[in-house]
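First listed ligand is number 1; within each ligand, the first listed atom is number 1. As a basis for the values below, the full set of heavy atoms in this structure was taken, side chains included, without hydrogen atoms, waters or symmetry mates.
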Amino acid sequence: MTVKMVIGTQWGDEGKGKVVDYFSKDAEYVVRFQGGNNAGHTIKVGDEIYKLHIIPSGVIQGRTGVIGNGCVVDPEVLIYEIEQLKKRGINPKLLLSDRANIIMPYHKALDGAEEKLLADKKIGTTKRGIGPCYSDKIARRGIRSCDLISKESLRKKLELIAPIQKQFYKVFKISEGIDLEELVDKYSNYGSQLKQYIAPTHKILNDAISKQKNVLLEGAQGTMLDVEFGTYPYTTSSNTVAGGASSGAGIGPRNIDEIIGIVKAYTTRVGEGPMPTELFDDVGKHLAIKGHEYGTTTNRPRRCGWLDLVVVKHSCMISGITKIAITKLDVLNGLPKLKICTSYIFYGKNISEFPADIEMVKECKPDYKEFSGWEEFDAGVSSFKNLPKEAQLYLKFIEKQLKIPISIVSIGPGRSETIEV
Ligand code: GDP
Ligand code: IMO
Ligand code: MG
């Protein structure tokens with residue numbers, strides 16, 4: 001029995017969906033523990049491509065997907081995603097925590113309005129209502145999935161909350177109104193549709209663990225988007241680090257056996273905020289084009305740059321990562337020279353810890369170590385020793401720097417394009 005976790009070590013889109021799908025074959029439950037439909041996880045099976053935003057990636061392998069209490073859930077999106085999967089022949093086995101907070105229409109309106117107000121200082125959110133929903137959760141005025149089941153109790157809760165939201169609307173100069181009865185009708189209707197999935201998932205998971213079943217925890221976003229350890233305020237609004245899984249799924253930290261950190265062989269970021277290794281040259285273009293670096297959720301182009309080990313080391317430390325999975329190594333094929341950032345230079349001073357102050361991060365220049373590149377390698381390579389020698393050196397350098405073993409090397413989006421080391 002193991003409780004395994006997959007988390008992103010960079011700014012998201014590291015290939016968590018692919019790796020979660022790969023590990024799902026051995027899991028009974030695959031659990032999302034934070035975030036909402038700001039996530040976009042891609043799974044490729046043969047010629048079929050699935051893009052999941054709120055449903056855990058494990059459902060593609062027929063496993064039970066659990067949306068944990070730490071997630072924020074837009075019921076409209078969840079219902080749509082279930083329908084889309086059904087249309088493609090997958091009837092997802094799902095459980096939704098009775099304690100998960102619900103993204104309401106006013107959260108989405110406020111997300112957009114706040115970004116508009118920030119203008120050129122905006123965060124570049126996905127505008128899915130994530131930040132306002134988590135704010136309401138912490139301020140104890142959230143609607144939770146259990147509140148959607150009884151229309152009367154939903155009305156009572158909204159009678160208390162709606163006037164506060166109306167005040168926010170005034171502050172942000174949002175002209176449309178909030179119709180209480182419309183909200184009650186719409187969201188209790190969602191409740192009727194989702195009732196079959198709503199359950200005390202923390203209890204179900206703890207029972208499964210005590211019965212020696214395998215549980216896989218699926219992180220969303222990445223460590224640099226963590227609300228405490230990321231590039232604050234250019235982050236998301238949840239704890240994306242490993243510690244978030246314990247509170248976000250209701251599993252004691254001592255039950256977690258393995259924490260797999262996903263490291264893209266280079267760096268990408270969507271949205272605003274500093275990214276020290278960002279490239280604006282032909283290499284950046286190579287990574288964007290060859291890596292198809294467009295956001296899975298918003299379709300925005302992802303910013304691309306060299307691998308940043310200051311970032312990855314920071315992530316490994318915070319989350320106590322036990323194994324590394326390197327993804328998208330194939331995207332580096334054909335580049336004559338490669339670089340890895342090993343520290344930053346801040347006004348002549350060498351820095352190896354990721355700074356807290358965002359203004360300082362903006363001034364950090366990467367200090368690089370250079371590597372020889374390699375030609376194309378065959379998509380069918382199935383062992384580490386059959387990778388080009390230069391690629392092996394690149395990977396061994398990462399392993400040595402992180403002092404954590406690489407257990408997976410992904411060389412393509414498909415399941416078979418995965419090397420176990
Ligand atoms: P996630 O948010 O971490 O799950 O990552 P996304 O799904 O948003 O973005 C990763 C993208 O890279 C997806 O389109 C994947 O299909 C793709 N991908 C994953 N692993 C590899 C790989 O090793 N090589 C290549 N070329 N693509 C990959
Ligand atoms: P996955 O799980 C990449 C980014 C947004 C924005 C910031 C805040 O696919 O890796 P939010 O809507 O969360 O308030 O936006 O976080 N962001 C992501 N970037 N991958 C994601 O998820 C992301 N989820 C949020 O672009 O910069
Ligand atoms: Mg993604």
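The one candidate from Cys341, Cys364, Cys304 that meets the side-chain contact (heavy atoms from CB on, under 4.5 Å) condition with Thr277 is Cys341.
By the criterion of a heavy-atom distance under 4.0 Å, both the backbone and the side chain of Thr42 are placed next to ligand 1. Contacts between Thr125 and ligand 2, counted as non-hydrogen atom pairs separated by less than 4.0 Å, involve both the backbone and the side chain. Counting heavy atoms under 4.0 Å from ligand 2, residue His41 touches it through the side chain alone.
Side-chain contact of Thr240 with Gln221: a donor-acceptor pair under 3.5 Å is absent, judged by distance alone.
Among pairs with a residue in residues 393-421, those fulfilling ring-ring contact (aromatic ring centres under 6.0 Å, His included) read Phe371-Tyr394, Phe371-Phe397, Trp374-Tyr394, at least two apart in sequence or across chains. Within the structure, the salt bridge (Lys or Arg N to Asp or Glu O under 4.0 Å) test picks out the following pairs touching residues 297-306 (sequence neighbours left out): Asp13-Arg302, Glu278-Arg303, Glu293-Arg302.
Considering both main-chain and side-chain atoms, Gly17 comes within under 3.5 Å of ligand 1 through a nitrogen or oxygen pair.
Ligand 1 is never approached by Gly8 to a heavy-atom distance shorter than 4.0 Å. Ligand 2 has Arg300 within reach: a non-hydrogen atom of the residue lies less than 4.0 Å from it. By the 4.0 Å heavy-atom criterion, Gly8 is excluded from the residues contacting ligand 2.
Among protein atoms, those of element N, O or S found less than 2.8 Å away from the Mg ion (ligand 3) are Asp13 OD1, Gly40 O.
A search for side-chain contact (heavy atoms from CB on, under 4.5 Å) contacts involving Lys166 returns Ile178, not counting sequence neighbours.
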